[in-house]
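Nothing here was measured: the structure is a model prediction, and the numbers come from that model. Atoms considered below: every heavy atom in the structure, side chains included; atoms not considered: hydrogens, waters and symmetry mates.
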Amino acid sequence: MVLGLYHCTGKPNGKEAAYAAIRSFESRFRDHFGSTRCIDLVQCDLNTEKGKELYHTGELHERVCEKCIGAAVEVVEEMMFLKGGVRS
């Protein structure tokens, strides 16, 4: 959502730029973690009781999700601020 808003708001051809940025983000995230799918990242199905139990007992939120979220924020920050400059 952040990349979409950043690239689309008030810019001609913003939609195309947003799609390109999202593809770039997805590629960078996948290169780092091997997937963008939650089920692959936490290695359990959170739609099942067994998966929910494993998620909690294995502390997957702390071990996996927080790392993925942190990395995602870093990639977005880099894409928006380090390479593209801060938009006024």
Side-chain angles (χ1 to χ4, degrees):
M1 290 186 335
V2 171
L3 291 172
L5 287 171
Y6 179 77
H7 287 285
C8 285
T9 306
K11 291 183 176 181
N13 300 322
K15 191 174 184 179
E16 291 83 11
Y19 288 156
I22 291 164
R23 284 190 301 273
S24 175
F25 168 84
E26 183 178 19
S27 175
R28 292 171 69 176
F29 189 92
R30 186 179 294 113
D31 287 347
H32 188 74
F33 290 103
S35 180
T36 58
R37 293 174 20 127
C38 183
I39 194 168
D40 296 332
L41 297 168
V42 296
Q43 298 181 348
C44 65
D45 185 352
L46 299 176
N47 294 311
T48 67
E49 290 304 316
K50 183 178 178 181
K52 291 175 189 176
E53 181 181 340
L54 179 60
Y55 178 81
H56 292 291
T57 60
E59 299 177 342
L60 296 178
H61 178 77
E62 294 82 4
R63 291 183 30 237
V64 178
C65 300
E66 289 180 8
K67 289 180 183 176
C68 290
I69 293 166
V73 169
E74 288 176 10
V75 169
V76 169
E77 284 178 338
E78 182 179 316
M79 291 175 74
M80 291 175 58
F81 298 106
L82 299 178
K83 290 189 177 179
V86 177
R87 203 174 59 154
S88 57

>> Quick check for you: to the nearest 0.5 Å, what is the distance between Met1 atom CE and Leu5 atom CG?
In response: 7.0 Å
> Can you get from Ile22 to Phe81 by hopping between Ile, Leu, Val, Met, Phe, Trp and Tyr side chains that sit under 4.5 Å apart?
Replying inline: yes
> Do Val2 and Val73 share a hydrophobic cluster, counting only Ile, Leu, Val, Met, Phe, Trp and Tyr and linking them when any side-chain heavy atoms are less than 4.5 Å apart?
Replying inline: no
> For Cys8 and Ala18, which heavy atoms make the closest approach, and how far apart are they?
Replying inline: SG-CB, 3.7 Å
> Could you state the interatomic distance from NE2 (His7) to CG (Asn13), rounded to the nearest 0.5 Å?
Replying inline: 13.0 Å
>> I need the full list of salt bridge (charged side-chain N to carboxylate O under 4.0 Å, His left out) pairs touching residues 37-49, with sequence neighbours left out, sorted by first then second residue.
In response: Arg37-Asp40, Glu49-Lys52
> At their closest point, which heavy atom of Leu60 faces which heavy atom of Cys44, and how far apart are they?
Replying inline: CD1-SG, 3.8 Å
>> Show me the pairs that pass salt bridge (charged side-chain N to carboxylate O under 4.0 Å, His left out) and involve residues 57-74, at least two apart or across chains.
In response: none
> If you look at every heavy atom in Leu46 and Gly51, which pair is closest and at what distance?
Replying inline: CD2-O, 3.8 Å
> Excluding sequence neighbours, so at least two apart, what forms side chain to side chain contact (heavy atoms under 4.5 Å, CB included) with Gln43?
Replying inline: none
>> Test of understanding: with side chain to side chain contact (heavy atoms under 4.5 Å, CB included), list the residues that count as partners of Ala72, not counting sequence neighbours.
In response: Phe25, Phe29
> Taking all non-hydrogen atoms of both residues, which atom of Tyr6 and which atom of Met80 are closest, and how far apart?
Replying inline: OH-O, 3.2 Å
> What's the spacing between His61 NE2 and His56 NE2 if we round to 0.5 Å?
Replying inline: 10.0 Å
> Does Ser24 have any side chain to side chain contact (heavy atoms under 4.5 Å, CB included) partners at least two apart in sequence or in another chain, and if so, which?
Replying inline: Arg28, Met79
>> If I compare all heavy atoms of Val42 with all of Val64, which pair ends up nearest, and what's the gap?
In response: CG1-CG1, 4.0 Å
